[in-house]
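One structure is given here, and the rest of the page talks about it.
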Amino acid sequence: MSVTSGPAEAIPAAEVEDVELYHPRSWLTKYVFCQDAKVIGVQYALTAIAIGLVALVLSWLMRLQLGFPGTFSFISPEAYLQFITMHGMIMVIYLLTALFLGGFGNYLIPLMLGARDMVFPYVNMLSYWVYLLAVLVLVASFFVPGGPTGAGWTLYPPQAILSGTPGGQDWGIILMLASLILFIIGFTMGGLNYVVTVLQARTRGMTLMRMPLTVWGIFTATVMALLAFPALFVSAVMLLLDRLLGTSFFMPALAEMGQQLQYDGGSPILFQHLFWFFGHPEVYIVALPAFGIVSDLISTHARRNIFGYRMMVWAIVAIGALSFVVWAHHMYVSGMHPWFGFFFATTTLIIAIPTAIKVYNWLLTLWRGDIHLTVPMLFALAFIVTFVNGGLTGLFLGNVVVDVPLSDTMFVVAHFHMVMGVAPIFVIFGGIYHWYPKITGRMLNEAMGRIHFWVSFLGAYMIFFPMHYLGLLGVPRRYFEIGEMAFVPPSAATLNAFISIVALIVGAAQILFLFNLAWSLRHGRPAGGNPWRATTLEWQTPQTPPGHGNWGRELPVVYRWAYDYNVPGADQDFIPQNQPSPGRASPEAAA
Amino acid sequence: MEGITQARPMEAISRFQGWCGVVADWSSDQRAFKNVSWGKAMMWIFLLSDTFVFGCFLLSYMTVRMSTIVPWPNPSEVFALHIGGQDVPLILIAIMTFILISSSGTMAMAVNFAYRRDRVRTAAMMLATAAFGAAFVGMQAFEWTKLIQEGVRPWENPWGAPQFGSSFFMITGFHGTHVTIGVIFLLIIARKVWRGDFDTERRGFFTSRKGRYEIVEITGLYWHFVDLVWVFIFALFYLW
């Protein structure tokens, strides 16, 4: 059985009748309360980018404090803790998760599968509006008495709801938890749609093993999210009850400022287990869509079929499954039994195998390819390098004996920023540069794109490589200032100042990117239907940008996998998925 | 002995081919699950996700029950009713469980009548199911009232570990919310069935899509799930 089975295969009959679409009757239902997955995707993406900007500004403020301690009087220790908490939570949940699954997922899944829309567009629309509500509740916490929570993005009790933590006995933690609960409800509505669309609403000829890897990545990540977010939901509900009703799920008997609190007998470790049962799959919820998108970018821009497609699919599925049995490697210093440490270290290291398969397959796809160093390709290559670098320090931290001394140091911060901060963000940028022409009909400005890339790429390394070194020195994370610690040499302060200056410059480059997004909307070069000469279905739509319902009267029929680049004997260097024979252009592609 | 070692490679090959066939079926054209509609697939996947929610709640309850150092109140004494001069342990819970399980029976009958397009009987059975569900929630409200009057609070109770009240109100409250949502859902669908929406292909108010009698079965999936969860809550909270 071959994935590239040719035109001899008969076209299967349609199994599902064509979907009934809701046709917008006014401007309001067309652009605001819109049921079209493409518009919802763009709404998700713009909201995520907007809240991401807040997190970017917060990271500037943190770096100002760390680089030049004592200079900025408006940054108090409490404010600093609030900055790190909100920066982390926004980036991980409200930016990365929402942008990959809500943004790319909504836009690409129906288009790449040859569907007209998600299976339940109305529920899909609700998903966005609940997400927006979650974001607004989160933003509201900046304006309430006491400010947002400063508990750290992991929100560990007991400190998260005590008066010593900013927002702990004020509104901050309540709004944070309420926002998370809303986010999970909103995500579930969207996530069910993505999963059912992939499983049950593909066009004729689109078997699962012909789907682009982008869809595989988003699909697997969504399934994981539907199984992992419940743990966060439950821990958020219980922590909220502890804070509001005075229950003791997570709270042991403890004294605060000489006063015995009424809490008694709860288990703080339980929260850590629940949180990380969500938290570790969350890493891969962000990484798997990135894996998928980067596979498609590399294949398209290197004009070469993806190496080992089936292995790539199985690696995605295997990583998704394994990531549910590694969560306690975040808890080696929590006083766990060493046998558990041994188990979780082993499972953690096993994940390196499918991940390495993916990295080798990307390299073998590039090998002897016709590499076009376009901006999306640059970001895709940067992802591979950064992910490998970040992943290698993951092997350090996955081992109990190495992790224990490195825990809560800047080494950990550098590791996870490389592997799940910078690397997926590069893929988001690459994806936006790649699909912007389809969304708007115009290319993004190339010169601005290259400046954005090189500043971001080199800057990220100048920020996070030295940070590993700070961690090895023993500089702790989350500290307002280092002060005078015997084991930290004074030169660490110089290094911190250097990192801060680079971080400000890299942040400014992101403003250039946003300017590019706005500027190219009117002044970009017209793109045409398929500027990258790509094979996947979203580039074969009759209109660009695609209209409501995506495909004109007839749904496309798929004859081949998504990676027919440079096929010998074909008359162009790519064969779209909906083209029956290698030589003859399909009517859709010609139009 | 030799025969066995020779047979093994062949067996392994045929088993591998068997798995290849499984994968090919699952990844086949257009739909992974043939003859499963979008709505039904979506409900099943939602229930899988919801299973994880209840699973986490129950595991958390078991963890705090084991980690607290104060003795746990005895459920068969706490949940006893004083009837006819003596304490009958768990009598209310037994009746509640019986009612909820019975409601699954009427729900199954509603699904059957729906596929026969028997408008009146379907609606009647759904209303009966909703009535059972409402009775369940009502008895739960009675149970909550009784315990609150006896001094049980989420943060304390007269008999032992404070986590008893916390877990009780949280888990039964979350399950009761599910039942309540199910009752509302049943009433809405029963009204649509009664009005004949699925015969006249009337479009939904929000989604502007035509409904089908299958929605009765999808509602039933949710209802049976809520019943099944109750069995676990009953076993792990009341019987342990």
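These numbers come from a predicted model, not from an experiment.
- If you measure heavy-atom distances from A:Phe277 to chain B, the contacts under 4.5 Å come from the side chain alone.
- Within the 4.5 angstrom heavy-atom criterion, atoms from both the backbone and the side chain of B:Ser60 approach chain A.
- If you measure heavy-atom distances from A:Phe249 to chain B, the contacts under 4.5 Å come from both the backbone and the side chain.
- For the set A:Gly191, A:Gly114, A:Ala231, A:Ser248, the entry with the most heavy-atom pairs within less than 4.5 Å of chain B is A:Ser248.
- For A:Thr203, the part lying near chain B is the backbone, with the side chain staying farther off; criterion is any non-hydrogen pair under 4.5 Å.
- Contacts between A:Leu274 and chain B at a heavy-atom distance below 4.5 Å involve the side chain alone, from C-beta outward.
- Taking the six-membered ring for Trp and thresholds of 30 and 60 degrees, B:Trp144 and B:Phe168 have ring planes inclined between 30 and 60 degrees apart.
- Only the side chain of A:Val123 comes within less than 4.5 Å of a heavy atom of chain B; its backbone N, CA, C and O stay farther away.
- Judged by distance alone, the side chain of B:Ser14 and the main-chain N or O of B:Glu11 form a donor-acceptor pair under 3.5 Å.
- Neither the backbone nor the side chain of B:Phe169 has a heavy atom closer than 4.5 Å to any heavy atom of chain A.
- Both the backbone and the side chain of B:Val36 have a heavy atom closer than 4.5 Å to some heavy atom of chain A.
- Aromatic ring centroids of A:Trp129 and A:Phe33 lie under 6.0 Å apart.
- Using cut-offs of 30° and 60° on the angle between ring planes, the pair B:Phe164 and B:Phe237 is tilted.
- Looking at B:Thr51, neither its backbone nor its side chain comes within 4.5 Å of chain A, counting heavy atoms on both sides.
- With a 4.5 Å cut-off on non-hydrogen atoms, B:Arg203 touches chain A through its side chain but not through its backbone.
- Under the 4.5 Å side-chain criterion, counting only non-hydrogen atoms from C-beta, A:Met251 is in contact with A:Ile161.
- Both the backbone and the side chain of A:Ala201 come within contact range of chain B, each with at least one heavy atom under 4.5 Å from a heavy atom of that chain.
- Residue B:Trp44 does not touch chain A at all, counting heavy-atom pairs closer than 4.5 Å.
- Per-residue heavy-atom pair counts under 4.5 Å with chain B were compared for A:Thr207, A:Val558, A:Thr188, A:Val223, and the maximum is reached by A:Thr207.
- The aromatic rings of A:Trp561 and A:Tyr309 sit perpendicular, their planes meeting at an angle over 60°, well past the 30° parallel limit.
- Only the side chain of B:Lys34 comes within contact range of chain A, with at least one heavy atom under 4.5 Å from a heavy atom of that chain.
- Only the side chain of A:Val237 comes within contact range of chain B, with at least one heavy atom under 4.5 Å from a heavy atom of that chain.
- With hydrogens and angles left out, the side-chain atoms of B:Tyr213 and B:Asp199 include a donor and acceptor closer than 3.5 Å.
- Taking the six-membered ring for Trp and thresholds of 30 and 60 degrees, A:Phe229 and A:Phe187 have ring planes inclined between 30 and 60 degrees apart.
- Between B:Phe46 and B:Tyr222, the ring planes lie parallel to each other; the angle is under 30°, not in the 30° to 60° tilted range.
- Under the side chain to side chain contact (heavy atoms under 4.5 Å, CB included) rule, B:Pro154 has a single partner from A:Thr247, A:Leu244, A:Asp242, which is A:Thr247.
- Between chain A and the residues B:Gly165, B:Ser49, B:Ala161, B:Ser208, the largest count of heavy-atom pairs under 4.5 Å involves B:Ser49.
- Ring pair B:Phe54/B:Phe174: centre-to-centre distance below 6.0 Å.
- Taking every heavy atom of both residues into account, A:Leu101 and A:Ala225 meet most closely at CD1-CB, 4.4 Å.
- When each of A:Leu270, A:Ile269, A:Asp264 is checked for heavy-atom pairs under 4.5 Å with chain B, A:Leu270 comes out on top.
- Using a 4.5 Å cut-off between heavy atoms, B:Ile69 does not touch chain A at all.
- Heavy-atom distances place the side chain of A:Leu241, and not its backbone, under 4.5 Å from chain B.
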